Amino acid sequence: TMKNPVPQAASLLLEKLMLLVHIRPLPAGSGGETPPPAPGYYDTSCFKRGDLLEVPRTLFIHFGIYLGENRVAHMMPDILPSITGDRRQIQQVVTNKRLILGVIARTASVRVDTVEDFAYGGSILVNHMDRLFENQVLGSEEAARRAEKLVGATAYSLLWNNCEHFVTYCRYGAPVSFQTDKFCETVKMIIRDQRSVLASVLVGLASIVCLGVAPSTTLPTILIPFFLWMAG
């Protein structure tokens with residue numbers, strides 16, 4: 001039996017659209033990457049080895065596991081590990097170009113960065129997900145060791161293997177992504193009224209043409225064709 005290509009194509013489309021919310025914005029007039037805060041910007045005295053760190057972004061959250069001594073293990077889409085073994089190049093802060101190419105190629109690395117490079121100026125929440133995993137929190141040392149064992153190149157998927165899957169496996173023993181599930185459920189609710197499908201798609205496409213990227217307010221409308229394929 002020939003496999004239906006529609007769900008695969010739809011899944012790929014969703015991943016590419018979700019990528020837009022992970023790109024770091026550059027300041028107006030900037031020709032390069034935004035530099036991270038200087039060392040010492042964050043007070044790490046309250047962090048313990050094995051802590052799960054969250055950095056809220058515009059629509060999604062970036063996750064990491066604190067290893068101690070101002071080091072955080074986290075998963076980042078990155079093309080470099082698949083084309084070079086030069087650790088000095090790979091260890092440099094991941095640029096938007098490297099991130100985009102990594103998502104397209106579905107390659108990433110679990111890397112160890114400073115807290116400053118990991119958070120990139122965002123606020124940090126500590127062990128905020130523990131409330132969702134009652135009686136499932138592993139020991140702090142076990143969580144840190146799991147993260148350290150996974151450091152290096154890995155496969156990547158915004159839907160099936162992202163930074164949240166990485167940290168939930170390390171700290172709770174179960175690789176899940178609540179934010180991805182919640183995002184998909186929200187968009188499914190939006191498309192139930194199929195009378196607004198055409199208008200929604202046109203608005204989404206217009207935002208891409210006029211602005212170059214999809215703003216957070218119109219991103220769900222652009223995803224409507226994806227869920228129509230899935231529902232059909």
Side-chain angles (χ1 to χ4, degrees), residues 5 7-37 54-65 71-114 116-122 147 150-167 169 175 177 179-180 183-184 204-205 207-216 218-220 222-223 225-226:
Q8 293 181 343
S11 177
L12 183 61
L13 172 63
L14 178 59
E15 290 198 7
K16 297 303 179 289
L17 293 173
M18 289 175 67
L19 167 64
L20 296 174
V21 302
H22 288 269
I23 298 176
R24 296 177 180 134
L26 299 179
S30 174
E33 296 293 328
T34 306
E54 301 180 32
V55 180
R57 301 297 188 191
T58 303
L59 289 179
F60 289 87
I61 301 171
H62 188 51
F63 297 87
I65 297 292
R71 297 175 302 128
V72 182
H74 60 125
M75 180 185 290
M76 285 284 290
D78 188 4
I79 191 64
L80 275 189
S82 65
I83 60 178
T84 181
D86 189 335
R87 292 186 178 181
R88 289 179 298 179
Q89 291 187 41
I90 295 174
Q91 191 55 37
Q92 294 178 1
V93 177
V94 178
T95 63
N96 285 340
K97 291 180 181 179
R98 284 169 58 181
L99 185 150
I100 293 171
L101 292 175
V103 172
I104 293 174
R106 299 195 176 192
T107 62
S109 65
V110 175
R111 50 187 290 128
V112 178
D113 285 312
T114 65
E116 288 76 20
D117 285 344
F118 161 73
Y120 227 81
L150 293 174
V151 170
T154 183
Y156 186 82
S157 169
L158 283 166
L159 294 178
W160 319 121
N161 187 37
N162 59 38
C163 62
E164 187 175 8
H165 292 101
F166 165 67
V167 297
Y169 165 76
S177 178
Q179 60 180 346
T180 299
F183 180 82
C184 292
L205 292 177
S207 69
I208 293 180
V209 173
C210 297
L211 302 177
V213 297
S216 58
T218 60
L219 182 60
I222 304 173
L223 294 173
F226 165 79

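All of these numbers come straight from a predicted model, not from anything done at the bench. Values reported hereafter were calculated over all heavy atoms of this structure, with side chains retained and with hydrogens, waters and symmetry mates removed.
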Which pair of non-hydrogen atoms, one from Val72 and one from Gly64, has the smallest distance, and what is that distance? CG1-CA, 3.9 Å

Can you tell me how the ring of Phe118 sits relative to the ring of His62, calling it parallel under 30°, perpendicular over 60° and tilted otherwise? tilted

Ignoring hydrogens, what is the shortest heavy-atom contact between Phe166 and Ala73? Give both atom names and the distance. CE2-O, 3.5 Å

Compare every heavy atom of Ser109 with every heavy atom of Pro81, then report the nearest pair and how far apart it is. CG-CB, 3.8 Å

Look up atom CD in Gln92 and atom CG in Asp86, then write down how far apart they are to the nearest 0.5 Å. 8.5 Å

Heavy atoms only: give me the nearest Phe63-Cys163 pair and the separation to one decimal. N-SG, 3.7 Å

Val112 vs Val151 side-chain heavy atoms within contact, under 4.5 Å: yes

Are Thr154 and Met75 close enough that some pair of their side-chain heavy atoms sits under 4.5 Å apart? yes

Result for side chain to side chain contact (heavy atoms under 4.5 Å, CB included) between Arg98 and one of Val93, Leu80, Val103 points to Leu80

For the side chain of Arg111 and the backbone of Ile90, is there at least one donor-acceptor N/O pair under 3.5 Å apart? yes

Between CG of Leu99 and CE of Met76, what distance do you get to the nearest 0.5 Å? 5.0 Å

Nearest-0.5 Å distance that lies between atom OH in Tyr120 and atom CG in Asp113: 10.5 Å

Nearest 0.5 angstrom please: Ile83 CD1 to Thr107 OG1, how far? 8.5 Å

Say you draw a straight line from NE2 of His74 to CD1 of Ile65; how long is it, rounded to the nearest 0.5 Å? 11.5 Å

Please name the pair of heavy atoms, one in Asn162 and one in Ser177, separated by the smallest distance, quoted to 0.1 Å. ND2-OG, 3.5 Å

The single option from Val94, Ile104, Thr84, Leu101 passing side chain to side chain contact (heavy atoms under 4.5 Å, CB included) against Ile79: Leu101

Hey, could you give me the CZ/CH2 distance between Arg106 and Trp160, rounded to the nearest 0.5 Å? 10.0 Å

Residue pair Tyr169 / Leu150, side-chain heavy-atom distance below 4.5 Å: yes

